[in-house]
Student: 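Handing you this structure, nothing more for now.
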Amino acid sequence: MTPQSSQHGSPLPGLPEPDPQTGAAVKAADRAHVFHSWSAQDLIDPLAVAGAQGSYFWDYEGNRFLDFSSGLVFTNIGYQHPKVVAAIQEQAGKLATFAPAFAVEARSEAARLIAERTPGDLDKIFFTNGGAEAVENAVRMARVHTGRTKVLSAYRSYHGSTAAAINLTGDPRRWASDNGSAGVVRFWAPFLYRTPFYAENEAQECERALAHLESTIAYEGPQAVAAIILETIPGTAGIMTPPPGLQGVREICDRYGIVFILDEVMAGFGRAGTWFAADLYDVVPDLMTFAKGVNSGYVPLGGVAISGKIAETFAKRPYPGGLTYSGHPLACAAAVATLQVMEEEGVVENAARLGAEVVEPELRRLAERHPSVGEVRGVGMFWALDLVKDRETHEPLVPYNATGEANAPMAAFGAAAKKRGLWPFINMNRTHVVPPCTVTEEELKEGFAALDEALTVADEHTV
């Protein structure tokens, strides 16, 4: 089957002819030598990818997929944007790499453009190689700034897989690494659909969540708490848009001298239909972590945006941390080009408009049609369908952290989506709808048609 006759929709311009022989060689080398993250190596079957463009990628067999996962929610401007590719090529020809202790044009300009978009006075930028390192350094900054050790994080969260970041993570991926969790205290953040507070509405959920957080601080000793870290909108854990209570967290932090860290690694740079999700809640943290969408993942880059009061701590005192590739010129050149593209092409506005006018109404129509959809939630190009066995009880379609046969309903749903040319983002009992922020209305509707068919498979497992 050639791409031109693929079951997965119309061809993209310049899509090459299928090349199964090369695909087989790529797959063989992968299976022989690549060690994949979060996987039992003998139980996975990675797809060999031949190329990608915009909202799509394709394999060597000629099958094309509409990417509703944006990679790992990072291709905010889609794949292979020519202006960003050109900027990386130009930077490689001019200055491919340089040590972080020097002032380099691409690094300086990337920092300036990021600082222009961050809320409040988050005007200093410490560059890292990705989101987990950003979290590591934000926590270190908070601990040094306060002289305290404890950090509070939410159970429904993901902050990365390095030492401190994985222990701050709330989801089960941290369990194997919990031996390093000294100083980490977890609490329940608000989530009305599966409320731990027996709340009946958002106002109750917010009020009780803030009271729970403050009592947790009291029992841990406010004088020992360096920071509270929250994903502004939790991503992998379920895209739970919070009630309007983040100002309450800000006030609690101010009352006890606690550093407030917002993790915007996934929610930032247009994903929520604003430059940062914090803009939706009119809240300014002391530290903000970012990565992913800052340059659409074209070259690894992350960082911490730092407030004036935290920066002042290190004005005359050396910051005890650093990275060989901090502010790598290629990554920063990609960030500069990405931010310029986002401005020129109205990418943030596109995510906001299509999120409100197309994604939300289409997903709510799917929810009406399919008993497996328990809740629709999200904003911008950042949505989740909570799949359930029983809408009345909210029982998840598969158990928490299910694997093997217990996870069969979600595996069948995922296979059905891929068969129809849609590449989904699936975690536990949820499918997330997180296409590139540059996605078109036509592409969205193509994806929803495939999602509609795939959900009939999930419906078979409802009561």
Side-chain angles (χ1 to χ4, degrees), residues 74 100-101 104 106-146 148 151-153 157-169 226-232 235 249-250 253 258-269 271 275-279 283-295 297 299-315 317-328 331-332 335-336 338-339:
F74 58 71
V104 175
R107 186 181 297 147
S108 301
E109 183 64 0
R112 184 186 73 82
L113 290 174
I114 292 165
E116 279 186 355
R117 289 157 177 79
T118 53
D121 69 337
L122 301 175
D123 292 333
K124 293 283 190 179
I125 308 298
F126 177 79
F127 285 115
T128 66
N129 301 314
E133 287 179 347
V135 169
E136 292 278 337
N137 282 279
V139 168
R140 184 178 301 175
M141 290 173 188
R143 284 172 166 161
V144 174
H145 173 75
T146 61
R148 305 172 183 178
V151 180
L152 274 60
S153 66
S157 67
Y158 180 74
H159 296 290
S161 68
T162 50
I166 194 62
N167 281 279
L168 289 163
T169 288
I228 295 171
I229 184 168
L230 284 169
E231 292 174 275
T232 314
V249 180
R250 172 76 275 176
C253 288
I258 295 168
V259 173
F260 187 20
I261 305 172
L262 281 181
D263 183 337
E264 292 257 358
V265 168
M266 192 173 284
F269 294 99
R271 178 59 54 185
W275 279 106
F276 293 96
D279 300 335
V283 64
V284 179
D286 301 302
L287 297 168
M288 177 183 285
T289 63
F290 64 86
K292 293 184 184 286
V294 66
N295 64 7
V299 183
L301 183 67
V304 185
I306 307 164
S307 67
K309 71 177 181 180
I310 305 294
E312 182 60 29
T313 295
F314 303 105
R317 173 183 184 177
Y319 172 60
L323 299 157
T324 298
Y325 302 122
S326 177
H328 193 283
C332 287
V336 171
T338 296
L339 297 176

Student: Using modelled atom types and a 3.5 Å cut-off, is there a donor and acceptor pairing between side-chain atoms of Ser326 and backbone atoms of Phe127?
Tutor: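 Yes: the side chain of Ser326 pairs with the backbone of Phe127.
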Student: Do you know the tightest heavy-atom contact between Ala110 and Ala335?
Tutor: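 Minimum heavy-atom separation between Ala110 and Ala335: CB-CB, 4.3 Å.
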Student: Please tell me if the side chains of Arg143 and Val151 come closer than 4.5 Å, counting only heavy atoms from C-beta onward.
Tutor: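 Heavy-atom side-chain distance check passes, below 4.5 Å.
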Student: Work out which heavy atom in Ala142 is nearest to a heavy atom in Ala227; give both atom names and the distance.
Tutor: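 That would be CB-CB, 3.8 Å.
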Student: How close do Ala165 and His159 get, heavy atom to heavy atom, and via which atoms?
Tutor: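 Closest approach of Ala165 to His159, heavy atoms only: CB-O, 3.3 Å.
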Student: At their closest point, which heavy atom of Cys332 faces which heavy atom of Ala106, and how far apart are they?
Tutor: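 Of all heavy-atom pairs spanning Cys332 and Ala106, the closest is CB-O, 3.5 Å.
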Student: More than 12 non-hydrogen atoms from neighbouring residues, nucleotides or ligands closer than 6.0 Å to CZ on Phe314, yes or no?
Tutor: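 Yes.
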Student: Would you say Ser307's side chain and Asp121's backbone share a donor-acceptor pair under 3.5 angstrom?
Tutor: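 A pair under 3.5 Å: no.
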Student: Using side chain to side chain donor-acceptor pair (under 3.5 Å) as the criterion, list what pairs up with Glu136, not counting sequence neighbours.
Tutor: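 Partners of Glu136 by the side chain to side chain donor-acceptor pair (under 3.5 Å) criterion, ordered by chain and then number, come out as Thr162.
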Student: Output yes when a side-chain donor or acceptor of Thr128 lies under 3.5 Å from a complementary backbone atom of Gly303, and no otherwise.
Tutor: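 Answer holds: yes.
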Student: Return the minimal non-hydrogen interatomic distance between Ala291 and Gly131, and the atom names on each side.
Tutor: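 Looks like CB-N, 3.5 Å.
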Student: In Å, rounded to the nearest 0.5 Å, how long is the span from CD of Glu231 to CE of Met266?
Tutor: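 CE of Met266 is found 7.0 Å from CD of Glu231.
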Student: Measure from the side-chain N and O atoms of Arg250 to the backbone N and O of Phe260, and report whether any donor-acceptor pair falls under 3.5 Å.
Tutor: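 Looks like no, no N/O pair under 3.5 Å.
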Student: Any chance you could lay out the side chain to side chain contact (heavy atoms under 4.5 Å, CB included) test for Leu301 and Asn129, step after step, and finish with the verdict?
Tutor: CA-CA 4 Å; Leu301 183 67; Asn129 301 314; over 6 Å; no
Student: Taking it one step at a time, do Leu168 and Ser157 satisfy side chain to side chain contact (heavy atoms under 4.5 Å, CB included)?
Tutor: CA-CA 8 Å; Leu168 289 163; Ser157 67; over 6 Å; no
Student: With distance as the sole test, does Arg117 use its side chain to make a donor-acceptor pair with the main-chain N or O of Trp275 at under 3.5 Å?
Tutor: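 Flag not set: sc Arg117 to bb Trp275 has no pair under 3.5 Å.
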Student: Determine whether Ile258 and Leu152 satisfy the following criterion, side chain to side chain contact (heavy atoms under 4.5 Å, CB included), listing intermediate values before the conclusion.
Tutor: CA-CA 10 Å; Ile258 295 168; Leu152 274 60; over 6 Å; no
Student: What distance do Ile306 atom CD1 and Ile125 atom CD1 have between them, rounded to the nearest 0.5 Å?
Tutor: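 Reported value, rounded in 0.5 Å steps: 7.0 Å.
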Student: Picking from Thr118, Thr232, Thr289, what satisfies side-chain hydrogen bond (donor to acceptor under 3.5 Å, both in side chains) with Glu264?
Tutor: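 Between Glu264 and the candidates, side-chain hydrogen bond (donor to acceptor under 3.5 Å, both in side chains) is satisfied uniquely by Thr232.
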Student: Please enumerate all residues that pass side chain to side chain contact (heavy atoms under 4.5 Å, CB included) together with Glu312, with sequence neighbours excluded.
Tutor: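 With neighbours one apart ignored, the set is Ala315.
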Student: Is there side-chain contact between Pro320 and Val144, with at least one heavy-atom pair below 4.5 Å?
Tutor: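 Counting from C-beta outward, Pro320 and Val144 do come under 4.5 Å.
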Student: Got a second to check how far Met141's CE is from Ile261's CD1, nearest 0.5 Å?
Tutor: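 Reported to 0.5 Å precision, the distance equals 9.5 Å.
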Student: Please round to the nearest 0.5 Å and tell me the distance separating atom CG of Leu262 and atom CG of Leu230.
Tutor: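 With rounding to 0.5 Å, CG (Leu262) is 6.5 Å from CG (Leu230).
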Student: Considering all heavy atoms of both residues, which atom of Leu122 and which atom of Asp286 are nearest to each other, and what is their separation?
Tutor: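 In terms of heavy atoms, the two residues are closest at CD2-O, 3.5 Å.
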Student: Could you please spell out the steps behind the side chain to side chain contact (heavy atoms under 4.5 Å, CB included) verdict for Asp263 and Tyr158?
Tutor: CA-CA 9 Å; Asp263 183 337; Tyr158 180 74; over 6 Å; no
Student: Less than 4.5 Å apart, side chain to side chain, heavy atoms only: is that true for Thr338 and Val294?
Tutor: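 Not in contact.
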Student: Not counting sequence neighbours, which residues clear side chain to side chain donor-acceptor pair (under 3.5 Å) with Asn295? List them please.
Tutor: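 If we apply the side chain to side chain donor-acceptor pair (under 3.5 Å) test to Asn295, skipping adjacent residues, there are no hits.
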